[in-house]
**Q** 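Got a structure here, written out as structure tokens. Questions coming.
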Amino acid sequence: MQKKLKLWDAIMLVMGSMIGSGIFIVSADMMRNLGSGFWMIVVWVITGIMTVAAAISYGELSALFPKAGGQYTYLKEIFGKRMGFLYGWGLFTVIQTGTIAAVAMAFGKFTAYLIPALNDAAPIFQSGEFKITWIQMLAIAIILLLTYINTRGVESGKLLQNIFTGSKIIALLGLIAAGFILVDISHLAENFSLEYKSFSNLNKDSLGNFLKEGWEPIGGMTLLGGIAAAMVGSVFSSVAWESVTFVSGEIENPKKNVVKSMIYGTTAVMILYIAVNYVYLNALDRDSIAFAENDRVAVAASHFIFGSAGTAIIAVLVMVSTFGCNNGLILAGARVFQTMAKDGMFFRQAERNNKNEVPENALWMQGIWASILCLSGQYGNLLDMISFVIVLFYMITVFGVIYLRFKKPEIERPYKTWLYPLTPVIYLLIGTGFCILLLIYKQQYTWPGFVMVLLGLPVYYFINRKNKVQE
């Protein structure tokens, strides 16, 4: 593969893949689970520590295995083909493609703010609860457009990524500055005065709407359950940074630049995320965050900061953000499926590069499946359920750093995990706590995604048997 991506391009890919739609909406659900500005910031800080600790740990593996495929390659090399395949299976069926679908739908929904006719138009097709809308068609069009652009060569995708990531970083910095300069009445002290009380267990009316008077004090283990449930949103908003490892084969000096891009990129994004949440807490009171219409906290805050123009401002920001995010996800994900095809673990057609030296078939396979998920209407539910599985795979990969230190201590390591073994242990402890609390308190976020990944086992054995017969 040609080395066409520099360090700056890799950092832009990390940041662009992370910043999608989550930061603009998940804080509403987090506030409903926690009811406290203090605890909301605590959850973001915990997620930030987790994310950066994982990136630092992944750096050691990226230097050991500086080739395309990233996390799939790490898991395959350390724990064998089966573990690598299960990750790749989960990535294709829902993790990468489901995220692409969800981000594209967010683009469509915020576009509808600027073009109300999209919301008002009758469904193209409807049968019972299943329906196909113009917003879904716009989401699919965006996926297919970005897929096509990326088939034109890695430089086309790189240019688009740098422009859109740079634009949304500047826009977020502007929102953060305005969120403190233009707000006349600050709610920050009010939101933080609840620091030793958290509220949850909100009641709903017969139509399923939350009742604002349903706040109840919670503490102890119930509070920990609320923290875990809130982390589902913050974790979802903070994943996909590992996408840069998928394109290691196309990055200059990957042994150094991949780890640098992950650490610099994740640190910068988590600082931005925490600052944006301070803006929400400064501009809005607790109820305005928790009960923002359609969970669009950023819209509510922007309306308060900028007045009637706020809705349009934030809609454009989210459109830029989601467009750039999806470009990074589409660019990176296809490289994993190409690497799997080379290992005989995916459709053979995905193995070939086109005349522009990019995996065109893998790109279209990914794009078509993501489009089908857009039509299914189930991708959102799948993504809620997959955060548990994403963290599990992160934990297995981070544990791989420790495992290799014991199994193969003699290997030359161009980069060693900073503060080893403290850094990987911190991630494993927080990740374990998160998963255990979800298993106890929020099972709906755990077993469906886990089952989805386990369904890959019979597929793996079928592929393996087929490969052995061919040999």
Side-chain angles (χ1 to χ4, degrees), residues 65 68-102 130 239-240 242-243 245-246 329 332-352 359 361-400 403 431 435 438-439 443-471:
F65 310 109
Q71 191 169 353
Y72 160 76
T73 300
Y74 309 157
L75 291 171
K76 184 193 71 173
E77 294 288 344
I78 300 170
F79 300 110
K81 277 190 172 183
R82 181 170 53 190
M83 182 63 76
F85 175 81
L86 285 178
Y87 172 74
W89 164 265
L91 199 73
F92 183 76
T93 53
V94 70
I95 296 174
Q96 194 81 357
T97 50
T99 304
I100 290 169
F130 176 78
V239 297
E242 75 281 6
S243 292
T245 69
F246 302 163
L329 294 171
R335 272 64 178 179
V336 180
F337 311 132
Q338 180 186 42
T339 305
M340 291 176 69
K342 289 177 179 177
D343 294 337
M345 293 289 162
F346 198 67
F347 301 108
R348 290 200 178 277
Q349 295 88 336
E351 184 178 345
R352 294 192 298 272
N361 290 339
L363 280 162
W364 284 117
M365 289 173 187
Q366 173 184 255
I368 290 168
W369 181 244
S371 298
I372 291 170
L373 289 179
C374 281
L375 291 177
S376 73
Q378 299 303 310
Y379 58 87
N381 295 334
L382 289 170
L383 283 174
D384 283 341
M385 300 162 187
I386 212 72
S387 291
F388 176 78
V389 174
I390 292 173
V391 171
L392 275 183
F393 277 121
Y394 279 164
M395 288 173 63
I396 293 168
T397 310
V398 169
F399 174 72
Y403 179 76
C435 291
L438 282 186
L439 285 167
Q443 291 90 353
Q444 71 270 28
Y445 291 128
T446 57
W447 64 267
F450 194 60
V451 169
M452 174 72 71
V453 172
L454 290 182
L455 287 174
L457 280 175
V459 178
Y460 170 79
Y461 289 119
F462 173 78
I463 291 174
N464 245 18
R465 188 175 67 175
K466 187 177 177 182
N467 288 342
K468 285 179 182 177
V469 169
Q470 290 175 346
E471 289 169 5

**Q** Do Met345 and Trp89 come close enough that some side-chain heavy atom pair is under 4.5 Å?
**A**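 Of all side-chain heavy-atom pairs linking Trp89 with Met345, none is under 4.5 Å.
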**Q** Less than 4.5 Å apart, any side-chain heavy atom of Ile100 and any of Trp369?
**A**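 Side chain of Ile100 against side chain of Trp369, heavy atoms only: no contact under 4.5 Å found.
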**Q** What is the distance from atom CZ of Phe246 to atom OG1 of Thr73, rounded to the nearest 0.5 Å?
**A**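 It comes to 9.5 Å.
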**Q** Do the side chains of Phe346 and Glu351 get nearer than 4.5 Å, heavy atoms only?
**A**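 No - every pair of side-chain heavy atoms lies 4.5 Å or more apart.
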**Q** Answer yes when Lys76 and Asp343 have at least one side-chain N-carboxylate O distance shorter than 4.0 Å, and no when they do not.
**A**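 So Lys76 pairs with Asp343 through a salt bridge.
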**Q** Does Val336 reach the side chain of Phe92, with side-chain heavy atoms less than 4.5 Å apart?
**A**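 A side-chain contact under 4.5 Å is absent here.
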**Q** For Cys435 and Val391, which heavy atoms make the closest approach, and how far apart are they?
**A**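 Result for this residue pair: SG-CG1, 4.0 Å.
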**Q** My understanding is that only residues two or more places apart in sequence, or in another chain, count here; which of them pass side-chain hydrogen bond (donor to acceptor under 3.5 Å, both in side chains) with Arg352?
**A**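 Applying side-chain hydrogen bond (donor to acceptor under 3.5 Å, both in side chains) to Arg352 gives none.
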**Q** Among residues at least two apart in sequence or on other chains, which ones pass salt bridge (charged side-chain N to carboxylate O under 4.0 Å, His left out) with Glu77?
**A**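 Only Lys67 meet the salt bridge (charged side-chain N to carboxylate O under 4.0 Å, His left out) criterion with Glu77.
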**Q** Counting only N and O atoms by type, is there a donor-acceptor contact under 3.5 Å from the side chain of Thr97 to the main-chain atoms of Gln366?
**A**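 Not confirmed, Thr97 side chain does not pair with Gln366 backbone.
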**Q** Gln71: which residues meet the side-chain hydrogen bond (donor to acceptor under 3.5 Å, both in side chains) condition with it, sequence neighbours left out?
**A**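 Partners of Gln71 under the side-chain hydrogen bond (donor to acceptor under 3.5 Å, both in side chains) test: Tyr58, Tyr87, Thr397.
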**Q** Identify, with sequence neighbours excluded, every residue that meets side chain to side chain contact (heavy atoms under 4.5 Å, CB included) alongside Ala240.
**A**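 Checked Ala240 against side chain to side chain contact (heavy atoms under 4.5 Å, CB included); matches are Ser17, Ser243, Leu329.
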**Q** With rounding to the nearest 0.5 Å, note down the distance linking CD1 in Ile463 to NZ in Lys81.
**A**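 These two atoms lie 10.5 Å from each other.
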**Q** Between Met365 and Phe337, is any pair of side-chain heavy atoms under 4.5 Å apart?
**A**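 No, too far: nothing below the 4.5 Å cut-off.
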**Q** Could you give the distance from CZ (Phe388) to CD (Gln443), rounded to the nearest 0.5 Å?
**A**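 Those atoms lie 10.5 Å apart.
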**Q** Using atom types as modelled, flag every donor-acceptor pair under 3.5 Å from a side chain in residues 450-458 to any protein atom, sequence neighbours excluded.
**A**
none

**Q** Report the distance from atom CD of Glu242 to atom CG of Leu91, rounding to the nearest 0.5 Å.
**A**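 Reported to 0.5 Å precision, the distance equals 7.5 Å.
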**Q** Please enumerate all residues that pass side chain to side chain contact (heavy atoms under 4.5 Å, CB included) together with Phe79, with sequence neighbours excluded.
**A**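 Phe79: side chain to side chain contact (heavy atoms under 4.5 Å, CB included) contacts with Leu75, Met83, Ile396, Phe399, Tyr403.
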